[in-house]
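Scope of the values below: all heavy atoms of this structure, side chains included, with no hydrogens, waters or symmetry mates. Throughout, protein chains are lettered first and strands after them, A, B, ... in sequence-line order, and every chain is numbered starting at 1.
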Number of protein chains: 2
Amino acid sequence: MSLATSAGAGNSPERLHSPRVLGTTTADRLKEAAIIEFAERGFHATTTRDIAARAGLSPAGVYVHFPSKEDLLYAITLTGHEAALEMLQEAAADSPTPTDALRATVGNFARWHAEWFRDARVVQYEFPHLSHDHREHILDLRKQINAVVADILEAGRVAGDFDIEDVPATTLAVLSMAVDVCRWYDSEIRRSPESIGSSYGELAVRLVSRR
Amino acid sequence: MSLATSAGAGNSPERLHSPRVLGTTTADRLKEAAIIEFAERGFHATTTRDIAARAGLSPAGVYVHFPSKEDLLYAITLTGHEAALEMLQEAAADSPTPTDALRATVGNFARWHAEWFRDARVVQYEFPHLSHDHREHILDLRKQINAVVADILEAGRVAGDFDIEDVPATTLAVLSMAVDVCRWYDSEIRRSPESIGSSYGELAVRLVSRR
DNA sequence: GCGCAGACTAAGCGCTTGCTTAGTCTTCGA
DNA sequence: TCGAAGACTAAGCAAGCGCTTAGTCTGCGC
């Protein structure tokens, strides 16, 4: 499993691809505030006043940096999906065999959902609240994310390493396990994101390996 | 895999435990309207006017039958969790071996999430919006649901049929696959709920079987 | 037939929300 | 130092929201 060592500016070197810049600018502080609030309450139950207060601004301050509340959600979900996609592509590229690639991608994906569980909750569960065009763009990125794992499974099937009846369905099942981590994970959980990632990588390999 | 043959009143005999009465009373019509609206938009972005209109009532009509919008959500999530729990308990009780039990419970759970994907979305994703006491009660039911599957995995581990390092974590991973079905399933999907249930039951068994 | 209870409505209330406006303050570059 | 641009504020707007109130209508039981 590869650890991120070339992550973006401001990223803690032990954590996977940050889905946000750990912020010093006001816009970054606003994004972080919104992530916390959206993850806890959901997009619609979070007010711009909540976000502004958490970022230490007046309510109108949000509009200096983002044209609307929906644009703020879009900025968050876009950055998050791009970070996840990049991480998966790197993990896949760093792996010589389909089995290694599967272990690395699913393991990292699960770990990422734990490490950045608030960001991931917004990314996974709040994007349907975007306006139509924004949502379409996010759905494209999601298809790309899905395709990284599907391609690995197909390569393994063709190579005879994996025993899979239905690649798209298995892709979904495997991704589901990893995505769902952000739903149940929180700061009180006594398992480290690395440990979760490691076991999910093994579970994924076990699920598809030829017996 | 057992099909429901003793489901509640008004239930289609081909579908698993209905999480709602298919309604003729106004209260049932309101619950159904709310399920559709909440599943599509989420609790907070759904107005009582939306629900009332879909049920063919005036906005104040909601309050004749439910004391608040939150009570309506509680009624839906309570019935849904109880139906899911009952279905899992029956599937587990009908199975002679841990392997059969696992295949039946996970398979039925996945199928149920597909068949009743709108109800399941409300049940799985909207309950955090409940008031504190209501939410605590729902969390109790969720623990019971979790325990049905965890007990099967533990029985299989002890019997030597399953090779599992961490029963709670594996329970979560297995349930995650099934729960996530309601996120991606919709009426346009060209796989039947039965087929989804069948393959998820097999995937779960494959994930834990001793090799 | 009559009266009562329950289902339901139209109208409205008080509050909240996303956002705008008109200003002030701060920072940067010439 | 000065002026301009950008960051930010206090105040407010229009619309919408969950819910209440005072009535009407309908069905049921005596």
| query | Do A/E32 and A/R29 meet the salt-bridge criterion of a basic N to acidic O distance under 4.0 Å? | reply | no
| query | Does a sphere of radius 6.0 Å around CD in A/E165 hold more than 12 heavy atoms from other residues, nucleotides or ligands, not counting ones at 6.0 Å or beyond? | reply | no
| said: Under 4.0 Å, heavy atom to any atom of DNA chain C: which of residues 64-78 of chain A qualify? | reply: A/S68, A/K69
| When you measure from every atom of DNA chain C, which of residues 41-48 of chain A have a heavy atom less than 4.0 Å away? | A/T46, A/T47, A/T48
| query | With under 30° as parallel and over 60° as perpendicular, where do the rings of B/H129 and B/F43 fit, or are they tilted in between? | reply | parallel
| message | Taking any atom closer than 4.0 angstrom to a non-hydrogen atom of chain B, what span of DNA chain D does the protein reach, first nucleotide to last? | response | D/dC17 to D/dT20
| Among residues 51-62 of chain B, which contact DNA chain C at a heavy-atom distance under 4.0 Å? | B/L57, B/S58, B/A60, B/G61
| request: Check the pair B/F109 / B/V181 against side-chain contact (heavy atoms from CB on, under 4.5 Å), numbers first and verdict last. | output: CA-CA 9 Å; B/F109 205 44; B/V181 168; over 6 Å; no
| field | Lys/Arg N to Asp/Glu carboxylate O, B/E202 vs B/R206, below 4.0 Å | value | no
| Side-chain donor/acceptor of A/T79 to backbone N/O of A/I76, under 3.5 Å | no
| query | Among all residues two or more places apart in sequence or in another chain, which pass the salt bridge (charged side-chain N to carboxylate O under 4.0 Å, His left out) test with A/E37? | reply | A/R41, A/R54
| field | Relative orientation of the end axes in the helix from C/dG1-D/dC30 to C/dA30-D/dT1, expressed as an angle to the nearest 10° (five pairs per end) | value | 10°
| message | Does this structure show an ion pair linking B/E126 with B/R121, if we count only N-O contacts that are shorter than 4.0 Å? | response | no
| said: Quick check against the 3.5 Å criterion: does B/R118 have a side-chain atom that pairs as donor or acceptor with the backbone of B/I36? | reply: no
| task | Quick one: sort the B/F127 and B/H81 rings into parallel, tilted or perpendicular, breaks at 30° and 60°. | result | perpendicular
| Is a side-chain donor or acceptor of B/D180 paired with a backbone partner of B/M177 at a separation under 3.5 angstrom? | no
| field | Rounded interatomic separation in angstrom, taking OH from A/Y63 and P from C/dT20 | value | 7 Å
| task | Fit a plane to each ring of B/Y74 and B/H137, take the angle between them on a 0 to 90° scale, and name the class: parallel (under 30°), tilted (30 to 60°) or perpendicular (over 60°). | result | tilted
| Does B/D94 reach the main-chain N or O of B/A91 with its side chain, forming a donor-acceptor pair under 3.5 Å? | no
| said: Is there a side-chain contact between B/C182 and B/W116 in this structure, where contact means two heavy atoms from C-beta onward sitting under 4.5 Å apart? | reply: no
| field | Carboxylate-amine/guanidinium proximity below 4.0 Å for A/D28 and A/K31 | value | no
